[in-house]
S.K.: 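Have a look at this one.
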Amino acid sequence: MSKYRTHNCGELSLKNKNETIKLSGWINKKRDHGNLLFLDLRDHYGLTQCVIDKSNTIFKNVEKLPLETVIQIEGKVLERDTDTVNKILKTGEIEVVIQKYKVLADTKELPLPIFSDQEYAEEIRLKYRFLDLRRNKIHSNIVLRSKIISFIRSEMQKYGFLEYQTPILTSSSPEGARDFLVPSRLNPGKFYALPQAPQQFKQLIMVSGFDKYFQIAPCFRDEDARADRSPGEFYQLDIEMSFVEQEDVFKIVEGLFLNLFKKFSSKKLLHEKFPRIPYDEAMLKYGSDKPDLRNPLIISDITQIFKREDVNFEIFKNLVSNGSIVRSILTKNTSEKPRSFFDGIDKWAKEEGSSGLAYFSIENSNKLTAKGPVGKFFSEECLKEIMKLTNAEVGDTIFMSCGKKIDVEKLLSNARNKIASELSLIDENIFSFCWVVDYPIFEIDEITKKIKFSHNPFSMPQGDIDNLDLSDPLKLKAFQYDIVCNGIELSSGAIRNHKPDLMYKLFNIAGYSRETVNEKFSGMINALSYGAPPHGGIAPGIDRIVMLLADEKNIREVTMFPMNQNAQDLMMNAPSDVDDNQLKELNISKRKK
RNA sequence: GGGGGUGUAGCUCAGUUGGUUAGAGCGAUCGCCUGUCACGCGAUAGGUCGAGGGUUCGAGUCCCUUCACUCCCGCCA
């Protein structure tokens with residue numbers, strides 16, 4: 001028997017009636033009636049109401065103990081009167097009459113209360129994270145995270161995957177995010193980098209013949225934070241498989257996600273079989289490669305309308321003749337909405353930095369008419385054409401944006417969310433998964449105007465890979481895919497290019513010479529020359545999965561010890577100054593400003 | 001790097017048009033209270049109104065600068 005307890009604070013019930021027991025835990029709450037004191041004792045497992053009255057000589061001492069003092073009590077389990085049973089508590093049918101107590105640890109005055117569900121400033125929560133983590137909601141989020149990771153591990157093992165660990169100290173690579181660098185003492189002037197992902201290692205594991213790999217892998221990227229993006233570090237379920245095609249990866253991952261989300265959430269899954277949306281279609285219909293399919297609003301291209309003679313909307317017509325495009329969002333049955341609704345959307349669009357969202361509603365009084373500020377510019381014939389292009393009916397509204405493709409896509413993507421939330425079109429009780437597939441291999445860099453890899457440079461191009469037509473690189477698609485859930489990008493993966501010759505050619509298009517590739521990706525390219533199996537994989541983000549399942553909007557709510565937005569750990573004071581001797585040993589000197 | 005929001009007691013917040021001594025709830029301390037589960041009642045302590053500067057007879061309130069936290073853009077193959 002433990003020195004500290006016979007039971008935990010979540011397990012006593014009527015079965016233990018009249019037993020003498022020991023509990024240890026924190027004082028969660030006291031209700032002091034003067035000659036009678038209720039004291040809720042809390043540990044990881046739950047709460048137990050303890051009670052003591054003045055007939056016990058220790059009463060005055062117990063009464064004075066501050067909240068969050070760690071105590072051990074010994075006492076007798078009693079059945080509560082029916083009218084004093086607490087149905088919310090697991091242990092609510094009993095209480096423990098305190099006979100003896102011992103203080104195991106004192107506490108200073110608390111910087112934040114533990115028992116309340118109130119929200120607190122981030123700064124104080126992060127500084128006193130060990131207190132924050134005692135609180136019910138975040139405590140259970142962290143437990144959920146642990147259970148999710150355990151479940152994933154056991155599922156992956158069932159599927160025949162084995163977990164292998166990869167190095168944390170590795171080499172810097174030119175593609176992708178900024179690296180965290182670690183100076184090498186034994187190799188003066190040289191640096192390790194922390195892995196942005198174990199990308200090359202997992203491919204090397206395939207070349208080494210291990211067939212099915214997974215890892216709950218830490219990834220390090222020195223980029224700025226967002227609500228759904230921790231600064232510095234995060235975790236991926238890293239997966240790689242040999243002798244597979246895209247379909248084989250999809251089958252494993254869909255199975256895993258279905259089981260996972262059914263087990264850990266009561267929300268409904270919109271699709272049991274994840275829809276597959278080509279990248280180009282996603283960008284057209286949703287303006288984004290991470291569409292939220294709970295949102296029914298669809299974008300259509302109506303550029304051709306503004307090349308017609310019977311349209312007098314000169315601003316758009318001029319822009320279109322200079323190469324701009326026009327796309328629209330259709331909302332159903334909104335023609336009777338008040339003017340303030342439409343103006344609100346237009347105002348929002350201007351605040352987003354655009355020139356606004358033009359709109360009109362379609363009405364029918366003997367003939368088709370367009371109601372709204374720009375309605376007068378469209379003929380009846382023209383309205384029929386627009387209705388055909390957008391699947392609109394009488395009573396619907398068309399919102400339009402005109403401009404450069406990339407700007408229109410972005411504005412309308414945000415407008416989909418904005419309008420849907422204004423019209424309450426999104427069911428928060430649903431998970432809607434989809435695959436986004438057929439990503440382009442290359443894109444034009446907006447700044448340099450040169451061709452660059454749009455995603456992973458190691459992806460396998462689609463088509464006849466032995467006779468690939470490289471004359472128009474921007475047309476090339478890759479076996480590259482993302483999983484998106486409720487508008488959140490959960491993972492990204494690809495079938496890899498295991499042909500070194502082809503890889504050199506693709507790198508060449510992006511401006512990397514054979515020598516550069518040999519130098520920067522030596523581990524990979526060398527390995528691929530010694531018999532690499534066709535292989536592919538994916539890497540779902542663990543933190544975001546937990547966010548979805550915990551129904552949290554911020555990644556810090558599912559991270560035990562997160563950093564703040566400036567990538568500082570307020571509890572541990574990281575990053576911090578270091579001793580000059582440490583720098584000297586590492587051959588580092590600080591640059592003067 | 002840029003834009004928005006926030007900053008008042010240990011914590012969560014209120015504070016009107018610029019006007020006398022800056023308030024409430026929780027927490028802390030002290031007292032009363034034997035069936036509460038956000039127990040109740042009374043009292044006390046607790047403030048560089050984020051910081052600095054300015055306007056004004058007078059600034060928590062208006063202006064400028066700056067700092068911290070946060071959300072977004074850039075960035076994140």
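Lettering follows sequence order; numbering is per chain, from 1. Remember, predicted model here, so these are calculated numbers, not experimental data. These values consider heavy atoms only, across backbone and side chains, with no hydrogens, waters or symmetry-generated copies.
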S.K.: Counting just side-chain N and O atoms, does A:R178 come under 4.0 Å of either OP1 or OP2 of B:rG74?
M.R.: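 For A:R178, the contact criterion (side-chain N or O under 4.0 Å from OP1 or OP2 of B:rG74) is not met.
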
S.K.: Rounding to an integer number of angstrom, what distance separates B:rA14 and B:rG52 when you compare their P atoms?
M.R.: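 One P to the other, the span is 24 Å.
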
S.K.: Any idea which of B:rC75, B:rC37, B:rC76 is nearest the A:N86 side chain?
M.R.: B:rC37

S.K.: If we take the P atom in both B:rA68 and B:rC63, what is their distance in whole Å?
M.R.: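 That atom pair is separated by 22 Å.
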
S.K.: Round to a whole Å and report the spacing from CG of A:L78 to C1' of B:rU36.
M.R.: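 These atoms are roughly 16 Å apart.
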
S.K.: Whole Å only: how far is the CZ atom of A:F115 from the P atom of B:rC37?
M.R.: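 About 13 Å, once rounded to whole Å.
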
S.K.: For B:rG58 versus B:rU70, give the span between their P atoms, rounded off to a whole number of Å.
M.R.: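 Each nucleotide's P atom is 38 Å from the other's.
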
S.K.: Is the count of non-hydrogen atoms from other residues, nucleotides or ligands lying under 6.0 Å from A:L14 atom CG greater than 12?
M.R.: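 Yes, enclosed.
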
S.K.: Any side-chain N or O of A:K410 less than 4.0 Å from the OP1 or OP2 oxygen of B:rG74?
M.R.: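 Looking at the OP1 and OP2 atoms of B:rG74, one of them is under 4.0 Å from a side-chain N or O of A:K410.
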
S.K.: Could you tell me whether A:D472 atom CG has more than 12 heavy atoms of other residues or ligands within 6.0 Å of it?
M.R.: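 Atom CG in A:D472 is packed in, count exceeds 12.
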
S.K.: Does the A:S140 side chain pair with the main chain of A:K137, one donor and one acceptor, at a distance under 3.5 Å?
M.R.: yes

S.K.: Checking A:R125 now: which residues fulfil salt bridge (Lys or Arg N to Asp or Glu O under 4.0 Å) with it, not counting sequence neighbours?
M.R.: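 With neighbours one apart ignored, the set is A:D132, A:E557.
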
S.K.: Would you measure the distance from the P atom in B:rU44 across to the matching atom in B:rC62 and give it in whole Å?
M.R.: 33 Å

S.K.: If we ignore hydrogens and angles and just use 3.5 Å, is the side chain of A:N508 paired with the main-chain N or O of A:S513 as donor and acceptor?
M.R.: no

S.K.: Ignoring hydrogens and angles, tell me if any N or O in the side chain of A:K29 forms a donor-acceptor pair with the backbone of A:F115 under 3.5 Å.
M.R.: no

S.K.: Report yes or no: is the cationic atom of A:R496 (NZ for Lys, CZ for Arg) under 6.0 Å from the centre of the six-membered ring of A:F458, at an angle within 45° of the ring normal?
M.R.: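 Negative - A:R496 is either too far from the ring of A:F458 or too far off its axis.
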
S.K.: Can you find a side chain N or O atom of A:R31 that sits less than 4.0 Å from OP1 or OP2 on B:rC39?
M.R.: yes

S.K.: Remember a base hit wins even if backbone is also touched, and classify A:K29 as base, sugar-phosphate or nothing at under 4.0 Å, heavy atoms.
M.R.: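 The answer is sugar-phosphate, as A:K29 gets under 4.0 Å only of primed atoms, P, OP1 or OP2.
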
S.K.: Check this for me: A:K30, atom NZ, are more than 12 non-hydrogen atoms of other residues, nucleotides or ligands nearer than 6.0 Å?
M.R.: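 For A:K30, atom NZ is crowded (more than 12 foreign heavy atoms under 6.0 Å).
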
S.K.: Any base atoms under 4.0 Å from A:Q565, or only sugar-phosphate, or nothing? Heavy atoms, all strands.
M.R.: base

S.K.: Under a 4.0 Å threshold between the charged nitrogen and the carboxylate oxygen, would A:K76 count as salt-bridged to A:E19?
M.R.: no

S.K.: Whole angstrom is fine here: how far is it from CG in A:L570 over to C1' in B:rU70?
M.R.: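 About 12 Å, once rounded to whole Å.
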
S.K.: Using atom CD1 of A:I27 as one end and atom P of B:rA28 as the other, report the distance to the nearest whole Å.
M.R.: 11 Å

S.K.: Select base, sugar-phosphate, or nothing to describe what A:R125 touches, counting heavy atoms under 4.0 Å on all strands.
M.R.: nothing

S.K.: Which residue is it: A:Y286, A:W435, A:Y439? I am looking for the one with a ring pair (Phe, Tyr, Trp, His ring centres under 6.0 Å) to A:Y279.
M.R.: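 Of all the options given, the one that passes is A:Y439.
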
S.K.: Taking atom C1' in both B:rG3 and B:rA45, compute the distance separating them and give it to the nearest angstrom.
M.R.: 44 Å

S.K.: Could you tell me whether A:D438 and A:K477 have a side-chain N and a carboxylate O separated by less than 4.0 Å?
M.R.: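 Salt bridge flag = no for A:K477 with A:D438.
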
S.K.: Side-chain polar contacts of residues 62-73 of chain A - donor-acceptor pairs under 3.5 angstrom, sequence neighbours left out - could you list them?
M.R.:
residue	atom	partner	partner atom	Å
A:E63	OE1	A:K60	NZ	3.4
A:E68	OE1	A:R42	NH2	3.0
A:E68	OE1	A:R134	NH1	2.8
A:E68	OE2	A:R42	NH1	2.9
A:T69	OG1	A:P66	O	2.6

S.K.: Whole angstroms only, please: what is the CD1-P distance between A:I114 and B:rU12?
M.R.: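 About 13 Å, once rounded to whole Å.
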
S.K.: Kindly state which residues belonging to residues 222-238 of chain A come within less than 4.0 angstrom of RNA chain B, counting heavy atoms of the residue only, listed by number.
M.R.: A:E223, A:D224, A:R226, A:A227, A:R229

S.K.: Decide if atom OH of A:Y192 counts as having more than 12 heavy atoms of other residues, nucleotides or ligands within a radius under 6.0 Å.
M.R.: no

S.K.: Would A:F521 and A:F507 count as a ring-ring contact (aromatic ring centres under 6.0 Å, His included) here? Give the steps.
M.R.: CA-CA 11 Å; A:F521 302 99; A:F507 267 105; 5.0 Å; yes

S.K.: Go ahead and name the base partner of B:rU12; Watson-Crick or wobble counts if both distances stay under 3.5 Å, otherwise write none.
M.R.: B:rA24

S.K.: For every nucleotide of nucleotides 30-35 of chain B, 5' to 3': is a protein heavy atom under 4.0 Å from its base (B), only from its sugar-phosphate (S), or from neither (-)?
M.R.: ---BBB

S.K.: Whole angstroms only, please: what is the CD-P distance between A:E122 and B:rG50?
M.R.: 20 Å

S.K.: May I ask you to say what A:K108 touches in the nucleic acid, namely base, sugar-phosphate or nothing, with a heavy-atom cut-off under 4.0 Å?
M.R.: nothing

S.K.: My understanding is that a pair needs two contacts under 3.5 Å, Watson-Crick or G-U wobble. By that rule, which nucleotide pairs with B:rC30?
M.R.: B:rG42

S.K.: When rounded to the nearest Å, what value does the distance between P atoms of B:rU61 and B:rC49 take?
M.R.: 10 Å

S.K.: For A:R42 and B:rA38, what is the distance between atoms CZ and C1' respectively, to the nearest whole Å?
M.R.: 16 Å

S.K.: Need the pair for B:rG7. Rule: Watson-Crick or G-U wobble, both distances under 3.5 Å, any strand; none if unpaired.
M.R.: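 Pairing partner: B:rC67.
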
S.K.: Does some side-chain heavy atom of A:L23 sit less than 4.5 Å from a side-chain heavy atom of A:L12?
M.R.: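 Yes. Closest side-chain heavy atoms under 4.5 Å.
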
S.K.: Please give the nucleotide sitting opposite B:rG1 as a Watson-Crick or G-U wobble pair, both distances under 3.5 Å, or none.
M.R.: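 By the stated definition (distances under 3.5 Å), B:rC73 pairs with B:rG1.
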
S.K.: Are more than 12 heavy atoms from other residues, nucleotides or ligands located less than 6.0 Å from atom OH of A:Y235?
M.R.: no

S.K.: Is there a side-chain contact between A:N414 and the phosphate of B:rC72, meaning an N or O under 4.0 Å from OP1 or OP2?
M.R.: no

S.K.: Kindly check if the number of other-residue, nucleotide or ligand heavy atoms within 6.0 Å of NZ (A:K127) is above 12?
M.R.: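 It does not: A:K127 NZ has 12 such atoms or fewer within range.
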
S.K.: Please work out if A:S116 contacts a base, only the sugar-phosphate, or nothing of the nucleic acid, heavy-atom cut-off 4.0 Å.
M.R.: nothing

S.K.: I'd like the P distance from B:rG15 over to B:rG7, given in whole Å.
M.R.: 10 Å

S.K.: Would you tabulate the nitrogen or oxygen pairs shorter than 3.5 Å linking the protein to nucleotides 9-11 of chain B?
M.R.:
residue	atom	partner	partner atom	Å
B:rG10	O2'	A:P111	O	3.2

S.K.: Considering only heavy atoms, which members of residues 535-547 of chain A lie under 4.0 Å from some atom of RNA chain B?
M.R.: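 Of all residues in residues 535-547 of chain A, none places a heavy atom under 4.0 Å from RNA chain B.
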
S.K.: Determine the interatomic distance between C1' on B:rG47 and the same-named atom on B:rA24; round to the nearest Å.
M.R.: 15 Å

S.K.: Can you check the A:L47 CG to B:rU36 C1' distance for me, whole Å?
M.R.: 14 Å

S.K.: Here's a test of your reading of the structure: between A:R221 and A:M563, which maps to the more 5' nucleotide of RNA chain B?
M.R.: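 This one resolves to A:M563.
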
S.K.: Among the nucleotides B:rC69, B:rC37, B:rG27, which one has an atom lying closest to any side-chain atom of A:D40?
M.R.: B:rC37

